[in-house]
Amino acid sequence: MKVAQALPWVAPIWQRLSKQLAEERLGHAILLLGQEGIGKRVLLREFSQRLLCLKSDGQGPCAECASCRLYDAGSHPDLLMVEPEEAGKQIKIEQIRQVTGFVNTTPQRSTNKVVLLGPAEAMNVSSSNALLKSLEEPSGHVTLLLYSHQPSSLLATIKSRCQQYTVNPPNWTEGLNWLGQNSQEASLESLLRLAKGAPLKALALIEQEVHVQYMQFCQDLMDLANSAAGWSAVLAKWKTWDAGVIMGWFYELTLDVQKTQAGVAVEQLSVQELSHQSAKVAANVQYAQLQGFLDKLLQSQLAFKGQANPNPVLLIETLLIDWLALLRQSRQ
Ligand SMILES: [Zn+2]
């Protein structure tokens, strides 16, 4: 309920879930789909409290019962949160084994048990298969709440065993207004664009000062292209940042090149600050070369998310050098 007031665009999903619960038609596994940063996890957090609450009025958790107090203290024994130990990394198979143990025991303080897991695409194939067992043989008192930012990366067998709900982001104006009420930051439009219209993502970018790094990233690429900076100095700066985030910006930049080649207007690009560079590359680089860069980028992202622990600075260095090569080539 609180979440539906705080994030009005998720209210329809909250109401649907509550109705299913009231009519005893709620599945034992729920999967929320939708882009990152629109409130799926926040919604499921509150819904898990609602499921565990001992005195709910049917609308939301009561916030007063013994279960709600445990929930607020962050120590509810009947709630298991399963998320990557580090942002952007995989959910480990040992974490899924914990789920199996958890669902096979009876509730301690509530009448139900809840597993909240996400993002579900952070499970690799072995973890997904391990989770399937819990999905296939549900215990009556257990509800699994899953969320995913990239449903196309999930095993079909996982999806088919869940009741699926798609959470839509707010429209642009609604998102911008919401952000304005929650942040004093200037340039909210550019932030919301960077967050692909997801308001919570935009707030997170502000809190982590990622948007400051993003503006610096754009400036550094412009300086490198004009030979106003050396790449080793730039790399020395970037190596203190989250390599996964930098790869994400290169990915958006590459998509901008493809969009430009397809005739998409500058206003529709993600990294508008570098539209000059994406236009240059789009005009002069062959399809196969761009595809080669994109393949390498996707491999770097996979390697970074995986458990092999590659050197992130080396991955970024390679991408930077390759991007500069594409730019240089387009000058000929
Ligand atoms: Zn309660």
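Whatever order the structure lists ligands and atoms in, that order sets their numbers, starting from 1. None of the values given here were measured: they were computed from a predicted structure.
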Polar side chain donor-acceptor pair, Glu185 to His211, under 3.5 angstrom:
yes
Among residues at least two apart in sequence or on other chains, which ones pass side-chain contact (heavy atoms from CB on, under 4.5 Å) with Thr254?
Leu290, Phe293, Leu294, Leu297
Going by heavy atoms in the side chains, are Leu253 and Val257 under 4.5 Å from each other?
no
Protein N/O/S atoms under 2.8 Å from the Zn ion (ligand 1): how many?
4
Looking only at the side chains, is there a donor atom on one of Thr111 and His141 sitting less than 3.5 Å from an acceptor on the other?
no
Below 30° counts as parallel, above 60° as perpendicular, anything between as tilted: where do the rings of Phe217 and Trp249 land?
tilted
Tell me yes or no: between the side chains of Tyr287 and Gln258, is some donor less than 3.5 Å from an acceptor?
no
